[in-house]
> 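I have a structure I would like to understand better, so I am pasting it below and will then ask my questions one at a time.
To find a chain, count down the sequence lines: A is the first, B the second, and so on, and within it residues start at 1. Keep in mind that the numbers below use all heavy atoms, side chains included, and drop hydrogens, waters and symmetry copies.
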Protein chains: 2
Amino acid sequence: MTQERRLTAEDWAEAALEALGEGGLSAIAVEPLAARLGVTKGSFYWHFANREALVAAALALWEQRSTEAKIASLNAEPDPVARIRLLFSQAIELAGRDSAEINLRAASDNPLVQPLLRRVIQRRLWYTIDLFEQIGFSREEAIRRGAMAFTAYGGQSEITARFPGIMPIDEGGGIGAYVDSVLEVLLSGRPG
Amino acid sequence: MTQERRLTAEDWAEAALEALGEGGLSAIAVEPLAARLGVTKGSFYWHFANREALVAAALALWEQRSTEAKIASLNAEPDPVARIRLLFSQAIELAGRDSAEINLRAASDNPLVQPLLRRVIQRRLWYTIDLFEQIGFSREEAIRRGAMAFTAYGGQSEITARFPGIMPIDEGGGIGAYVDSVLEVLLSGRPG
DNA sequence: ACCTGAACACCGTTCAAGT
DNA sequence: ACCTGAACACCGTTCAAGT
């Protein structure tokens with residue numbers, strides 16, 4: 001009834017990614033996952049060399065999907081200023097939804113998670129810097145403002161996601177108003 | 001020779017705090033610590049109910065000492081603007097030295113670490129906001145700028161500490177110049 | 001008052017044997 | 001080609017017994 005078919009490596013990776021979102025990195029555990037998949041833990045080692053390889057597979061799934069999702073949602077907006085605003089808003093809101101990312105950040109000391117986050121951060125940081133350059137700031141100034149914007153909204157979204165209720169920005173007009181006020185500061189002295 | 005005397009709960013807590021700084025939260029492990037202290041792991045349970053209680057003791061030690069250290073180093077500076085600058089610089093530099101804090105942030109999904117970090121973040125955030133109010137901004141604006149400053153330097157220090165080499169701010173004048181440029185943006189439109 | 005030593009549970013890993 | 005089942009290592013936890 002439950003399932004007759006044999007499992008594949010992808011089945012395990014998908015289950016691991018789910019577990020990551022639900023219970024964090026430590027929830028990617030061979031024995032519990034085997035129970036959930038209805039097999040014995042011994043069978044896991046047919047598909048993967050060890051737990052580390054399973055974690056790596058789950059991380060690869062997440063990286064691919066989260067990157068695609070973020071690019072797709074931003075490509076629709078051509079105006080750089082509006083894009084920055086969208087980036088801010090989405091980073092803050094999405095951070096609360098993508099529990100896999102929340103859990104990944106919380107487990108950033110893991111030797112597999114570390115390089116993954118490094119790649120993701122690097123990509124996002126330079127994307128932000130590029131936007132500030134497109135707006136008209138010099139490369140030097142774009143690096144400063146972009147770095148500031150990136151750290152500010154990254155920190156904002158991380159704190160909001162991991163420590164809900166700690167940021168006082170909801171008192172006024174909510175996230176939208178906060179994003180606008182931050183942007184106002186970040187764009188002060190804009191050339192052109 | 002090595003040691004004749006019996007151990008106390010504080011000995012275990014100190015050893016745990018050390019292990020936290022060296023190997024992260026998971027390095028607070030009963031068996032390895034027992035070996036390091038020259039006793040069997042069974043003896044640990046005379047002093048603590050379980051591993052969780054040991055972790056809690058180590059965290060309490062860290063919270064007390066790190067809070068004291070930060071207050072002491074800032075109390076010397078009376079000028080609010082200079083204090084903000086000092087806060088920035090120290091946050092970025094100290095983050096690279098206090099490996100216990102780095103490891104705590106990396107393990108922020110732990111149910112004991114979470115409330116600790118919440119307290120610490122809350123304290124630091126409102127301290128920053130207060131400084132912006134002292135400078136002359138309205139409470140509302142101080143909350144926005146303070147939140148922005150806090151997330152910006154918090155994110156900066158976290159990324160610098162955990163992903164060295166990723167932030168491009170070293171190309172120009174180094175951290176000092178970056179802090180100054182961020183402050184310039186954050187203080188734009190300052191009243192009075 | 002503090003420690004030993006043996007026992008058990010849980011999870012990662014191996015591997016011979018099954019279908 | 002994929003899975004079982006038993007074994008072992010490692011670490012957390014318990015507890016009776018030692019000093």
> Output yes when Asp109(A) and Arg162(B) qualify as a salt bridge under the 4.0 Å nitrogen-oxygen rule, no when they do not.
no
> Do Ser89(B) and Tyr153(B) have side-chain atoms, one donor and one acceptor, less than 3.5 Å apart?
no
> Determine the contact category for Ala49(A): base if any of its heavy atoms lies under 4.0 Å from a base atom, sugar-phosphate if only primed atoms, P, OP1 or OP2 are that close, otherwise nothing.
sugar-phosphate
> For a 4.0 angstrom threshold against heavy atoms of chain A, report the outermost contacting nucleotides of DNA chain D in 5' to 3' order.
dA1(D) to dG5(D)
> Mark yes when over 12 heavy atoms from residues, nucleotides or ligands other than Glu10(B) sit less than 6.0 Å from its CD; otherwise mark no.
no
> Salt bridge or not between Arg144(A) and Glu141(A)? Use side-chain N to carboxylate O under 4.0 Å.
yes
> Name the orientation class of the two ring planes belonging to Phe48(B) and Phe44(B) (parallel below 30°, tilted from 30 to 60°, perpendicular beyond 60°).
parallel
> Quick one: on DNA chain D, does Glu52(B) or Gly42(A) contact a more 5' nucleotide (nearest heavy atom)?
Gly42(A)
> Looking at dC10(C), which nucleotide sits across from it as a Watson-Crick or G-U wobble partner, both distances under 3.5 angstrom, or is there none?
none
> Mapping Phe44(B) and Arg51(A) onto DNA chain C by nearest heavy atom, which one lands closer to the 5' end?
Phe44(B)
> By nearest nucleotide on DNA chain C, pick out whichever of Glu31(A) and Thr8(B) is the more 5' one.
Thr8(B)
> Any ion pair linking Arg85(B) and Glu184(B) (charged N to carboxylate O, less than 4.0 Å)?
no
> So what's dC2(D) paired with, Watson-Crick or G-U wobble, going by both distances under 3.5 Å?
dG18(C)
